[in-house]
Amino acid sequence: MKPEIYIKDLSKHVGKEVTLKGWLYNKRASKKVKFLILRDGTGYLQCVVFVGNVTDEVFALADNVSQETAFEVTGIIKEDTRQVGGFELDATDVKLIGESEDYPITPKDHGIEFLIDNRHLWLRSKRQVAIMKIRHRIAKSIRDFFDSRDFTLFDPPIITPNASEGTSTLFEMEYFDLGKAYLTQSGQLYAEAGAMALGKVYTFGPTFRAEKSKTRRHLTEFWMVEPEMAFYNLDDDMDLAEEMLEYIVKSVLKDNKAELEILERDISKLEKIERPFPRLSYSDAIEMLKEEGHDVEWGKDLGAADETIISSKYDKPVMVHRYPAESKAFYMKRDPENEKLALCVDVLAPEGYGEIIGGSQREDDYNKLLGRINEHKLPVDFFKWYLDLRKYGSVPHSGFGLGLERTVTWICGIDHLRETIPFPRMIYRNTP
RNA sequence: UCCGCGGUAGCUCAAUGGUAGAGCAUUCGGCUGUUAACCGAAGGGUUGUAAGUUCGAAUCUUACCCGCGGAGCCA
């Protein structure tokens, strides 16, 4: 029943008769010859059905198949430089597997609302298939990167009673008789416990933010990778982030050339992603913006426009570190050389793609951390276990979070991250 | 939450306040090599909803609904 060969493997079958299974991507027809474009998830193949080469019934069938009809085709594989994949199939038989009537997504233009309404079908289109393959490659390269560096995959809970950065942006639910619980917006606090147990860990899973953000850079459900390392300071943290990003980009360049081409990605931009990446303190970034005549003030977080200006100066990701602590999360350690600064870093992707990583060295002093929790008016009870990590063998430690969809968006060179996850969840959309 | 833009055929879009149209898709016909194939024909409409102005509203006004882009916030 299962296919014996796939389109990606055709080079081994030139001159031989093969049977392929898939769906009709598109069709071009004249009276005596029909061109059926088959897609099977691994590639695209033009199948030529000539009037004399098949029975009349088969020829009539080839004439009638409509877009996205599932069918099986048998024929001889020929090399053909005119075709995208380099091959063509001379059909000797076609069998119908599943009909497709009035498929809504045509090869012409569509609006985004219509496409997202039909996301379950939109995923079949060439561009979406390419993006999903690159997403997969990026996820795999992330796992390979950490796995080969003595990290242990550490899965934090999705349902949590506490908030790492306040409750205003959390999805809330009733948890039996225990009151409110929330969908996690970060596995970091749990990863810290993991780092104290295993040394180096990483989490990789979905996270949730009920932010009312309506931009091309936000989803309410997105995937995040969060490494957490004992005995790493901020510099070590930045070194790791840099090494990981380089590794990811090189993996995609090595294995996804065809997909990048479908997306018309300018590969030369990705080829420049090599260590070292520029590092810039927040204060220097502010100075730089001021010199350019932009209205910025020390102490405020950088806006999206500011980030774009900074990242446009470089053709590599930029690491902006040591932001004013006031606007940052409670768990970040202060810079011992300047208590107003947090030992944190944001990595801004090039070409205006903005923040893809946020990381920091964590506060490892019990009393300072307790003070921060109180300053931020967070419920101390919920953080008792987290404070314990500073009570029993506390060590300097650091970590960061990488947004998977933002990374895919940047590497694919597309303009909205809703295309980088199979079924995007956004503020005004939770279907299909 | 705020600012801006939009909603017309299955889809993408036209249409000075005066008969609602084209391309694609669909159906039928033509074509032996097409690359979003091409050529010809046909069917397809409560112009987001409600009210108002007007002899007459897709077009002007008001309210509402839905969507898109952006800001803030963040990955």
Side-chain angles (χ1 to χ4, degrees), chain A residues 25-37 44-53 59 63-64 66-68 78 80-85 88 90 100-118 121-122 125-127 164-166 168-170 185-188 206-226 241 300-308 323 327-329 345-349 353-359 400-410 415-418 420-421 426-429:
Chain A
Y25 188 74
N26 199 3
K27 177 176 72 174
R28 287 175 283 273
S30 60
K31 181 150 180 122
K32 297 183 176 173
V33 60
K34 312 293 175 192
F35 302 96
L36 310 182
I37 314 299
Y44 303 83
L45 176 69
Q46 173 158 288
C47 305
V48 186
V49 185
F50 241 103
V51 69
N53 294 357
F59 191 75
D63 195 26
N64 283 330
S66 54
Q67 198 186 351
E68 287 304 319
K78 297 192 309 192
D80 191 323
T81 50
R82 289 173 294 187
Q83 305 309 326
V84 176
E88 190 175 79
D90 249 340
S100 169
E101 203 174 328
D102 294 329
Y103 187 71
I105 301 178
T106 68
K108 292 277 182 178
D109 290 336
H110 296 284
I112 191 63
E113 183 185 0
F114 177 77
L115 288 171
I116 299 195
D117 280 343
N118 288 285
L121 303 175
W122 187 24
S125 67
K126 217 175 225 179
R127 174 185 164 87
S164 62
E165 294 165 47
S168 62
T169 60
L170 291 166
Q185 59 179 348
S186 163
Q188 180 205 312
T207 52
F208 307 86
R209 305 263 168 107
E211 293 161 5
K212 301 223 166 171
S213 301
K214 195 175 146 24
T215 79
R216 67 183 71 191
R217 297 173 51 236
H218 287 87
L219 294 170
T220 56
E221 176 182 317
F222 66 98
W223 282 61
M224 193 153 62
V225 185
E226 295 179 283
K300 290 193 175 164
D301 221 340
L302 298 174
D306 304 323
E307 287 184 356
T308 304
Y323 283 68
S327 58
K328 290 292 178 181
V345 60
D346 280 357
V347 180
L348 311 179
Y353 280 97
E355 185 180 348
I356 51 171
I357 286 180
F400 63 81
L402 170 81
L404 179 64
E405 288 76 16
R406 286 189 182 176
T407 305
V408 178
T409 305
W410 160 51
D415 54 304
H416 201 303
L417 86 174
R418 66 187 155 213
T420 63
I421 187 166
M426 294 169 291
I427 175 167
Y428 293 125
R429 153 108 34 199

Practice task
Mind checking A/D80 for me? I need base, sugar-phosphate or nothing, with any heavy atom below 4.0 Å counting as a touch.
Solution key: base

Practice task
For A/F114, check ring-ring contact (aromatic ring centres under 6.0 Å, His included) against everything at least two apart and list the hits.
Solution key: A/H110

Fill in the blank from the handout: Closest of B/rC73, B/rG33, B/rA37 to the A/F35 side chain is B/rG33

Practice task
Have a look at A/Y103 and say if it touches a base, only the backbone sugar-phosphate, or nothing, with a 4.0 Å heavy-atom cut-off.
Solution key: nothing

Handout entry: Under-4.0 Å salt bridge between A/D80 and A/R82
Key = yes

Fill in the blank from the handout: Counting primed atoms, P, OP1 and OP2 as sugar-phosphate and everything else as base, the B/S/- map of nucleotides 4-10 of chain B against protein heavy atoms under 4.0 Å is -------

Practice task
Using the test salt bridge (Lys or Arg N to Asp or Glu O under 4.0 Å), find all partners of A/K328 that sit at least two apart in sequence or belong to another chain.
Solution key: A/D346

Handout entry: Nucleotide of B/rU32, B/rU35, B/rG69 approaching A/Q46 most closely (side-chain heavy atoms)
Key = B/rU35

Handout entry: Listed partners of A/I427 passing side-chain contact (heavy atoms from CB on, under 4.5 Å), at least two apart
Key = A/K212, A/K214

Exercise for the section: Determine the contact category for A/D346: base if any of its heavy atoms lies under 4.0 Å from a base atom, sugar-phosphate if only primed atoms, P, OP1 or OP2 are that close, otherwise nothing. Expected result: nothing

Exercise for the section: Select base, sugar-phosphate, or nothing to describe what A/E88 touches, counting heavy atoms under 4.0 Å on all strands. Expected result: base

Exercise for the section: Measure from the side chain of A/R209, starting at C-beta and using heavy atoms only, and say which of B/rC74, B/rU26, B/rG67 lies closest. Expected result: B/rC74

Exercise for the section: Would you classify A/I357 as touching base, sugar-phosphate or nothing, given that sugar-phosphate means primed atoms plus P, OP1 and OP2, and contacts are heavy atoms under 4.0 Å? Expected result: sugar-phosphate

Completion exercise
Closest of B/rG33, B/rC74, B/rA75 to the A/E307 side chain is B/rC74

Exercise for the section: For A/G354, answer base if it contacts any base atom (sugar-phosphate contacts may also be present), sugar-phosphate if it contacts only those atoms, and nothing otherwise; contact means non-hydrogen atoms under 4.0 Å. Expected result: nothing

Exercise for the section: Quick one: label A/K34 by what it contacts on the DNA or RNA (base, sugar-phosphate, nothing), any heavy atom closer than 4.0 Å. Expected result: nothing

Handout entry: Those residues that, when tested against A/Y323, pass ring-ring contact (aromatic ring centres under 6.0 Å, His included) (two or more places apart)
Key = A/Y282

Completion exercise
Sequence neighbours excluded, the answer for ring-ring contact (aromatic ring centres under 6.0 Å, His included) partners of A/F35 is none

Practice task
For RNA chain B, write out the stems as range with range, using runs of 3 or more consecutive Watson-Crick or G-U pairs with both distances under 3.5 Å.
Solution key: B:1-7 with B:65-71, B:10-13 with B:21-24, B:26-30 with B:38-42, B:48-52 with B:60-64

Exercise for the section: Quick one: list whatever passes side-chain contact (heavy atoms from CB on, under 4.5 Å) with A/K32, sequence neighbours left out. Expected result: A/V51

Completion exercise
Residue set satisfying ring-ring contact (aromatic ring centres under 6.0 Å, His included) with A/F59, at least two apart, ordered chain then number -> none

Practice task
Would you indicate what A/E405 reaches in the nucleic acid, counting non-hydrogen atoms under 4.0 angstrom: base, sugar-phosphate, or nothing?
Solution key: nothing

Exercise for the section: Check every atom of B/rC68, B/rG33, B/rC74 against the side chain of A/F50 and return the nucleotide holding the closest atom. Expected result: B/rG33

Handout entry: Among B/rU32, B/rU34, B/rG69, the nucleotide that comes nearest once only the side chain of A/K31 is considered
Key = B/rU32

